[in-house]
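To start, the structure under review is shown below, and the notes come after it.
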Amino acid sequence: MAKRVFLVVLDSLGIGGAPDEAAFKDEGSNTLAAVLSDSNKAFPNLARMGLFNIDGLNDERIKAWKKAQEDIPSPIGSYGRIRELSNGKDSTIGHWEMAGVYSSTPLPTYPDGFPEEVLTAIKEISNRGILCNKPYSGTAVINDYGKEHMETGNLIVYTSADSVLQIAAHEEVVPLNELYDICDKVRSFMQGKLGVGRIIARPFVGNVESGFTRTPNRHDYTLPAPSATMLDVLKDLGLDVISLGKIKDLFAQRGLTEMTPTADNTDGIKRLQDMLECDFNGLCYLNLVDFDMKYGHRNDIAGYAAALHEFDDGLANVLTFLREDDLLIITADHGCDPSTPSTDHSRECVPLLIYGKGYDVPHNMGEYAGFGVVASIVYSALLGREFDAPVPRIKHELTMDNLFSYVDMTNLKTTATVSDINTLVANAIKKGAASVCVQPCYVKDAAKAANGNLNICTVIGFPNGYSTTAVKKYEALDAIDNGACEIDMVININYVKSRMFEEVANEIGIIANAVHSRGAILKVIIETCSLTETEKKILCNIVTVQGADFIKTSTGFGSNGATIEDVKLMRHYSGSTVEVKAAGGIRTKESALQMIEAGATRIGASNLG
């Protein structure tokens, strides 16, 4: 299980392609494509998270950007796309769905301004008049009505295509506490059929001569979700639920144990990095609203792109300082394409990028229906169960009085039968062998035959090693579930020959962590006959650093098996925590003893004549 989950919402970073986009009059909208059209500058860390490997990124602007890149880093975790199911495209409904609450009825909007009953209520609540009452840009409305507001003290009330009622007021005319009190009371009034998603206090400063600007003192009063959300559940279970930025507003401050406001994206990214140093158990939930508020709604493509680069830069530190039991999820709540004439949100699919505990291998998740998959992932990470090895390893002591105490008695023949495996197990128990090494398909049979009296070993990525890390991890954990407690994995020799040593190391570390989490051990087969001496030395270091238990010479299926020279080299260049297994072509007791004398503490052999 993960101890800490960091959920980051890049507010409005849609990736196009919503199947119901026409119903929302958003055909062809693609926020990511618009952003990438600004320049060919790389996003290396979002690339590592898999953003540009998501299926369906077919917009020509995205294709052109990808073509212009010298290199796009390979993904390190899981990636996919999500389509929204709720009937809406605003932040409130998007976040509710993300937290497990679907909305079949859209929140009300007021494209022609608010009805008289709403205006009358606001006047009575505030004892002030009203200006505007139209859909309006937030920056334009204070420029157009700021002077009259300062002269009269009347509130600037406006809306947008979203389900919002916004009240703008100069901080010197309507003090913040008064503005907040007005919005709070309006929120209490606007329920039921009038229940817009958010009442937003929009304070501003400045004057007619210098111009008016909005301040960071915005405050949202959100309609509470109609039922319990993921936040409520986690809090009730005693976990920490920490809000960064406007998450507290979107969930009406419900289901939270800690709330930290943010001034802007820059502050939000810093707060996220600060949380990496905090010891908590639960969810840290961040919304970066500038993408939407400052750039999407204002059709500012260059500003949006710059903000995304700022996040990408900050993401480098986040990935560096994630702990072993952390999980990072990056997604969005809707689109807001800055390249279309509309300044409204756009109905788009959104990215789902995951890295960390349980999601540490590259994996294309395809497309999910419903943002609620995010809640499922969080629940699984924080509340899932840990697994133990089904068959615990038997303590095994080496003794020269019994050569077979060093031996993994092996049958990896493609013609082996269940009867052959049963015979192998019986002989290994009789001779006091270290283990039996069998085909993955026979692990369950070997474990049943051994009945807890012998360690069961199997091979993965065998014999060529070029299957993907995700496949190897699945193979390893499946084998352990079936009864194996020792895993012999073949490295990706193709990567070695391509000098992709970072990828080789990453794979070994991932498999070692997965295997160790189930109480098993990992032996790494490097296939020495295919390697140069330099490559062997490098791999000895990698295997040591990545925490494997053994380094093994050969599969037995290569052009040559173990040699005394290779065993000596591996013993010399591997760390003290790593043992050496010699395998391949060892058929006599004499040759086995020579390997042990050279430094091997485990021998792989089908028979010692």
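Since the model is a prediction, treat every value here as computed from it, not as a measurement.
Neither side chain, Glu348 nor Ser29, offers a donor N or O lying under 3.5 Å from an acceptor on the other. A donor atom on one side chain and an acceptor atom on the other are found under 3.5 Å apart for Thr215 and Glu171. Asp90 and His334 form no side-chain donor-acceptor contact under 3.5 Å, judged by distance and modelled atom types alone. Looking at His345 and Asp292, their side chains do bring a donor and an acceptor atom within 3.5 Å of each other. Side-chain contact check for Asp344 and Ser342: no donor-acceptor pair (N or O, by modelled atom type) lies under 3.5 Å. Judged by distance alone, the side chains of Arg61 and Ser339 do bring a donor and an acceptor atom under 3.5 Å apart. Side-chain polar atoms of Asn217 and Tyr180 form no donor-acceptor pair below 3.5 angstrom.
When ring centroids are compared, Tyr79 and Phe52 stay outside the 6.0 Å threshold. For Phe371 and Trp96, the gap between ring centers reaches or exceeds 6.0 Å. A distance of 6.0 Å or more separates the ring centres of Tyr355 and Tyr359. You'll find the ring centres of Phe204 and His149 inside the 6.0 Å limit. Aromatic ring centres of Phe43 and His309: separated by under 6.0 Å.
Using modelled atom types, one side-chain atom of Thr159 and one backbone atom of Val164 make a donor-acceptor pair closer than 3.5 Å. The backbone N or O of Gly197 lies less than 3.5 Å from a partner atom in the side chain of Ser163, making a donor-acceptor pair. Put simply, the side chain of Arg271 never gets that close to the backbone of Asp274: no donor and acceptor are under 3.5 Å apart. A donor-acceptor pair under 3.5 Å links the side-chain atoms of Asp312 to the main chain of Asn45, judged by distance alone.
The shortest non-hydrogen separation linking Gln546 to Gly509 is OE1-CA, 3.2 Å. Across all their heavy atoms, Gln191 and Leu223 have their closest contact at OE1-CD1, 3.4 Å. Taking each heavy atom of Asn299 and Asp337 in turn, the nearest pair found is OD1-O, 3.8 Å. In terms of heavy-atom proximity, Ala169 sits nearest to Leu155 at CB-CD2, 4.4 Å. Shown here for Ser86 and Ser103, the closest heavy-atom pair between the two residues is OG-N, 3.0 Å. Contact between Ala476 and Ile460 at its shortest, heavy atoms only, is CB-CD1, 3.6 Å.
Note that CG of Leu57 is 7.5 Å distant from CG of Asn30, once rounded to the nearest 0.5 Å. To the nearest 0.5 Å, atom SG of residue Cys183 and atom CZ of residue Arg187 are 10.5 Å apart. Atom CD1 of residue Ile330 and atom CG of residue Leu51 lie 9.0 Å apart, to the nearest 0.5 angstrom. Summarising the geometry, atom NE2 belonging to His297 is positioned 10.0 Å from atom OG belonging to Ser137; distances are rounded to the nearest 0.5 Å.
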Dump the intermediate steps for side-chain contact (heavy atoms from CB on, under 4.5 Å) on Val350 and Ile15, then the final yes or no. CA-CA 5 Å; Val350 301; Ile15 56 174; 5.6 Å; no

Run the numbers on Tyr136 and Tyr145 for ring pair (Phe, Tyr, Trp, His ring centres under 6.0 Å), then give the verdict. CA-CA 11 Å; Tyr136 231 102; Tyr145 289 91; 5.8 Å; yes

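Evaluated for a side chain to side chain contact (heavy atoms under 4.5 Å, CB included) with Tyr285, the options Val9, Val241, Ile242, Leu244 yield exactly one hit, Val9. Residue Lys3 forms a salt bridge (charged side-chain N to carboxylate O under 4.0 Å, His left out) with just one option from Asp240, Asp325, Asp279, Asp326, and that option is Asp279. Across Asp333, Asp162, Asp26, a single residue satisfies side-chain hydrogen bond (donor to acceptor under 3.5 Å, both in side chains) together with Lys89, and that is Asp26. Among Leu322, Ile329, Val318, Leu327, the single residue meeting the side chain to side chain contact (heavy atoms under 4.5 Å, CB included) criterion with Phe6 is Leu322.
Using a cut-off of 4.0 Å between Lys/Arg side-chain N and Asp/Glu carboxylate O, Arg347 and Glu84 are scored as salt-bridged. Salt bridge status for Asp300 with Lys294: absent, with no side-chain N to carboxylate O gap under 4.0 Å. With respect to the salt-bridge test (charged N to carboxylate O, under 4.0 angstrom), the residues Lys472 and Glu475 do not qualify. Salt bridge status for Asp55 with Arg81: absent, with no side-chain N to carboxylate O gap under 4.0 Å.
The aromatic rings of Tyr110 and Phe114 are tilted relative to each other, their planes meeting at an angle between 30° and 60°. Taking the six-membered ring where the residue is Trp, His170 and Phe212 present perpendicular rings, their angle passing 60° and hence far from 30°.
For Arg323, the CZ atom sits in a packed shell: over 12 heavy atoms of surrounding residues, nucleotides or ligands are nearer than 6.0 Å. Annotation for Lys497: atom NZ counts as buried by contact number, over 12 foreign heavy atoms lying within 6.0 Å. Taking a 6.0 Å sphere around OH of Tyr495, one finds it holds 12 or fewer heavy atoms contributed by other residues, nucleotides or ligands. Around CZ of Phe280, the count of heavy atoms belonging to other residues, nucleotides or ligands within 6.0 Å exceeds 12. Other residues, nucleotides and ligands contribute more than 12 heavy atoms inside 6.0 Å of the CD atom of Gln253.
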